[in-house]
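Below you'll find the structure, written out as structure tokens, and then a few comments.
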Amino acid sequence: MDFLDSLNPQQREAVAHTDGPLLILAGAGSGKTRVITHRIAHLIHTLGVPPYSIAAVTFTNKAAAEMRERVEKLLAGHNSVSGLVVSTFHSFCVRLLRRDGTALADLRPGFTRDFTIYDEDDQLGIVKSIYRQHGIDEKQFLQYRAAISRISHAKNHKLSPEEVLNTAKDPKTRKLAAVFEEYEGRLRQANALDFDDLLLESVRLLRHDGRTRGAYNERIAHLLIDEYQDTNRSQYELMRLLTEIHQDVCVVGDEDQSIYSWRGADIRNILDFEQDFPKALTIRLEQNYRSTKNILDAASKVVSNNTQRKGKWLWTSADAGAKIGVFEAADGENEALFIADSIEKLLRDAPGERVAVLYRTNFQSRQIEEALRRYGRKYRVIGGFSFYQRAEIKDLLSYLKTLASPLDSVNLLRIINTPARGIGKSTVEQIERYAIENGMAMWPAIGRLLEENAFPARAAAAVAVFRDLIEELRDASTKEPLDETVRLILEKTGYTRMLELDDSPDSEARRENLSELVNAAAEAAERGEGISEFLDHAALVSDSDDLDEQAQVSLLTLHNAKGLEFPFVFLAGLEEGLFPHSRSIDSETALEEERRLCYVGMTRARKRLTLSWAHYRRRFGGGPGEQCIASRFLSEIPRELVEPFGARTAPREVNLFAEQYAVRESARKNTFTGKTYNSLDNISEFFAARGVAPIPPNAGAEGLRLVQPKPPAGAATPAARGKKTGTGSIIDHPRYGKGTVIRREGDGEDAKLTVSFPGYGLKKIVAKYAGLKSHE
DNA sequence: TGATTGTTTGCTCCA
DNA sequence: CAAACAATCA
């Protein structure tokens, strides 16, 4: 059996070159996964390399699992792959630190191998607590998230709090340095590592601990790194530290697909590879096996507008295929309906095919979901609100973390009064203050305060109950299997009871989520996992990990689409300010990354690619929206490759002076944001709210094109129109003069109107008090 | 203390 | 629109 036969010459060379550093510049769809898997199979089968001396690092757990599976398949009946390491950098580091991290305690006092991993929520908790402690006002200083990202940035650039302080040029940065220092202190006190630390501390450990480094170097004779263009500096250093002996490192990447610079990805890693390894061989894979010629040409043309690239031109032997569809929608809803309708037609002609709808930001999924639901089409949203981010799941995980590590104050804080057990704000503050004053974690502080009788009577009782509860559960957690522990937590803390008493519509869904968690715990327990492995898993799963290949329609962000392919792809929201995102528009570098993102998105499509944009898009639910112009990326696609279709009629004019100003302001401040909402679970409620019957699946798009553009915001009800204060109508205000109604809440005389008055801006007024005269 | 109500405000993308 | 927070009252 030969793993070279089915490959093209460049791929073959890449697979066969196994005795020195190798850089594979693999264009989109050029078969890089194929090369990696074949390379591993070749090493094991043909060269007789033991699987355990091969390590492959990928970007997501899902990619890792898939890769392992494909290698297994290739070697089926010939070799076992047991011992082969395929994982993400983060998982790799967690395992390294858990298994061989003891020596890190030399550099990081208090570190033990059963450290906790802090996710973004935990970080937020720490920063909030620090702000509270120092009386910092979020509004006057940095927003929590901004502070976190600046801290993370500093860490990734190997800056200590002192260095931040010393190089600070403004008071804000000096203050940030103080927050940073405190933040690091809190992590250490809780024996916790954040995501950055997982990598950073692994690097420090390997630097410091020669024995461990030696052992890993000895063992890993062949290292493969996928998506190399998105590695950051620590990942790079890790690679260097792991390849000191064998130097057989194979990195695969594509500088045109580098889309994670905001997370610290350092493009130098790929650009300088040949300098770092003078003996390196570079191989380019430029034949694309995925897309039609039109798709490939369009994508290549777009990305060729970038200056920071090595430059390559993909080619294909495939047919031209369909042209790139470009739909110009009146508004976001229209766009969503168009997509849903097209999918419907498409799947009627080609049942069983997979379709993806890609977008720049998560909030865009909401409208598309609604449209798909309207057609009764099943879909799957990847990312956004993942299972492990749900409040009830996080609560339960917090209990587990609290049981596993008594010094973890952040998680203790989360659950101390959930469900409510009489430990109120003032009591919590008392504990927190005491803990900080005495430099201890909150859990021991609770014990001390109880001993000293420092609580008011009622609080003392509640806190004592809580302490006993946690101790009881902690004791149980050491004896019982994991799922039993989870079940005990649900029961003893009254969490289940709390949900049972809650008659809100989503409490049932929450209970189901929790029972799913119990199942997950049971499965983990069967695999012999304890609390910390279970928590590691929860911390390291990524949104794209739960991509269901079977789902016919997938909704996902462009970032999540990396590495995937679909026969049919819709790319929505190609508007200036949205994609490219307004935050990236001022910087040439950031803009180029947006363009690469566009390239990634376009090259996901195999057969047909449809782009769309809307003239008018609402940012938050019913609020005033914004007029948009087409993304520059659209104009970068050669006209002859485009098939324009859709309503060419301009949407209703929203030429309001004040609103335009407001729009520009908000665009400047980038309020183009949104959350991924858990979509409405109740379909009939959804339709009832809109007073429409679901469109039957076979309704066809012909009617759709005639859909009148929606009025700009908050559809005017017939009643409202009767009063002539509906949206869009002009009213006369005694003080502000003539203005246009932009938004209307409520009915009749009680209605609250948002009116745009030229020269005064947006005003909220109540119809019956304002003494309005309406015009028509 | 904690439930309820009102008000504000969303700086993307993610392991 | 919906989450997060603040203010208010029982």
Side-chain angles (χ1 to χ4, degrees), chain A residues 57-64 87-94 117 119-120 124 128 138-139 142-146 149 152 194-199 227 230-232 235 259-265 358-364 366-367 370 382-386 388-389 391 417 419-428 456 458-459 462 536 538-545 556-562 573 577-585 590 593-594 596-597 600-601 618-623 625 666-680 689 713-714 745:
Chain A
V57 186
T58 63
F59 210 70
T60 61
N61 292 297
K62 162 118 172 54
S87 73
T88 64
F89 268 109
H90 286 87
S91 313
F92 181 89
C93 289
V94 170
I117 301 170
D119 64 15
E120 214 170 305
L124 194 66
K128 277 185 188 169
E138 193 189 6
K139 288 181 194 79
L142 285 170
Q143 300 215 321
Y144 300 131
R145 301 220 173 259
S149 86
S152 167
D194 63 22
F195 277 107
D196 297 323
D197 286 331
L198 294 178
L199 303 172
E227 308 282 9
D230 283 325
T231 51
N232 63 25
Q235 290 165 331
I259 54 175
Y260 280 101
S261 69
W262 53 273
R263 215 173 67 186
L358 311 181
Y359 37 81
R360 176 70 235 266
T361 58
N362 276 310
F363 88 100
Q364 290 169 264
R366 200 171 138 262
Q367 246 173 354
E370 288 182 1
I382 293 139
F385 226 73
S386 83
Y388 286 100
Q389 284 173 337
N417 202 31
R421 53 172 71 88
I423 305 178
K425 212 163 111 189
S426 47
T427 310
V428 172
R458 197 151 62 136
D536 283 354
L540 295 172
V541 285
S542 73
D543 291 334
S544 43
D545 287 342
L556 58 164
T557 62
L558 288 157
H559 283 90
N560 267 322
K562 174 161 124 161
L578 182 56
F579 187 35
H581 197 274
S582 51
R583 247 192 94 104
S584 308
I585 251 164
E593 180 148 319
E594 297 280 316
R596 289 193 292 271
L597 199 51
V600 168
R618 283 182 292 178
R619 274 168 294 143
F620 310 115
S666 56
R668 195 179 59 74
K669 288 190 294 194
N670 178 29
T671 38
F672 232 140
T673 173
K675 307 228 163 12
T676 304
Y677 309 109
N678 264 329
S679 27
L680 279 167
E745 296 156 273

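Each chain gets a letter, A, B and so on, in the order the sequences are listed, and its residues count up from 1.
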Phosphate OP1/OP2 of B/dC14 contacted by A/N362 side-chain N/O (<4.0 Å)
yes

Whole angstroms only, please: what is the NZ-P distance between A/K425 and B/dT1?
10 Å

Within the stacking criterion (centroid distance below 5.5 Å, interplanar angle below 30°), does A/W262 stack on B/dT12?
no

Please name the residue in the list A/L198, A/V57, A/N61, A/D536 that meets the side-chain contact (heavy atoms from CB on, under 4.5 Å) test with A/S91.
A/N61

Taking every heavy atom of A/D196 against every heavy atom of A/S152, the minimum-distance pair comes out as OD2-OG, 2.8 Å

Describe the nucleic acid contact of A/Y260 in one word from base, sugar-phosphate, nothing, applying a heavy-atom distance below 4.0 Å.
sugar-phosphate

Atom-pair distance (CZ on A/R145; P on B/dT12), nearest Å
9 Å

Presence of A/N560 side-chain N/O under 4.0 Å of B/dC14 phosphate oxygens OP1/OP2
yes

Nearest-nucleotide wise, let me know which of A/F59 and A/I423 is further upstream toward the 5' end of DNA chain B.
A/I423

To check you understand the geometry: which heavy-atom pair defines the closest contact between A/D230 and A/Q235, and what is its length?
O-OE1, 3.9 Å

Would you check if A/L558 and A/F579 make a side-chain contact, meaning some heavy-atom pair closer than 4.5 Å?
yes

Give the minimum heavy-atom separation between A/G577 and A/I585, together with the two atoms involved.
N-CD1, 3.6 Å

To the nearest Å, give me how far apart CG (A/L358) and P (B/dC14) are.
12 Å

Classify the angle between the aromatic ring planes of A/F59 and A/Y260 as parallel (below 30°), tilted (30 to 60°) or perpendicular (above 60°).
tilted

Interatomic distance where CZ belongs to A/F363 and P belongs to B/dT12 [whole Å]
12 Å

Rounded to whole Å, CD1 of A/I585 lies from P of B/dT12 at a distance of 15 Å

Side-chain N or O of A/T557 versus OP1/OP2 of B/dT12: is the shortest distance under 4.0 Å?
no

Return the minimal non-hydrogen interatomic distance between A/T60 and A/A63, and the atom names on each side.
OG1-N, 3.0 Å

Which residue lies toward the 5' end of DNA chain B, A/R458 or A/F195, if each is placed at its nearest nucleotide?
A/R458

Has the side chain of A/S426 got a donor or acceptor atom sitting under 3.5 Å from an opposite partner on the base of B/dT1?
no

Rounding to a whole Å, what distance do you find between A/E227:CD and B/dC14:P?
15 Å

A/R263 CZ - B/dC13 P separation (whole Å):
13 Å

Indicate, with a heavy-atom threshold strictly under 4.0 Å, whether A/N417 touches base, sugar-phosphate, or nothing.
sugar-phosphate

Can a donor-acceptor pair under 3.5 Å be found between the side-chain atoms of A/R360 and the base atoms of B/dC13?
yes

With sugar-phosphate meaning primed atoms plus P, OP1 and OP2, does A/K562 contact a base, only sugar-phosphate, or nothing at under 4.0 Å between heavy atoms?
nothing

Measuring to OP1 and OP2 of C/dC1, would you say a side-chain N or O of A/Q367 lies under 4.0 angstrom away?
no

Looking across every strand, which nucleic acid part, if any, lies under 4.0 Å from A/S91 by heavy atom: base, sugar-phosphate, or nothing?
nothing

Where the side chain of A/A420 is defined as all heavy atoms beyond and including C-beta, which of B/dA15, B/dG2, B/dT12 is the nearest nucleotide?
B/dG2

Can you check whether A/H581 stacks with the B/dT12 base, using ring centres under 5.5 Å and planes within 30°?
yes

Short side-chain N/O contact from A/T427 to OP1 or OP2 of B/dT1, under 4.0 Å
yes

Rounded to the nearest Å, what distance is computed from the CZ atom of residue A/R366 to the P atom of nucleotide C/dA3?
11 Å

Nearest to the side chain of A/Q143, which nucleotide is it out of B/dA15, B/dG10, B/dT12?
B/dG10

A/E594 side-chain proximity, nearest of B/dC14, B/dT12, C/dA2
B/dT12

Using the P atom in both, what is the distance from C/dA4 to B/dC13, to the nearest Å?
15 Å

Look at the side-chain N and O atoms of A/T60 and state whether any lies under 4.0 Å from the OP1 or OP2 oxygen of B/dA15.
no

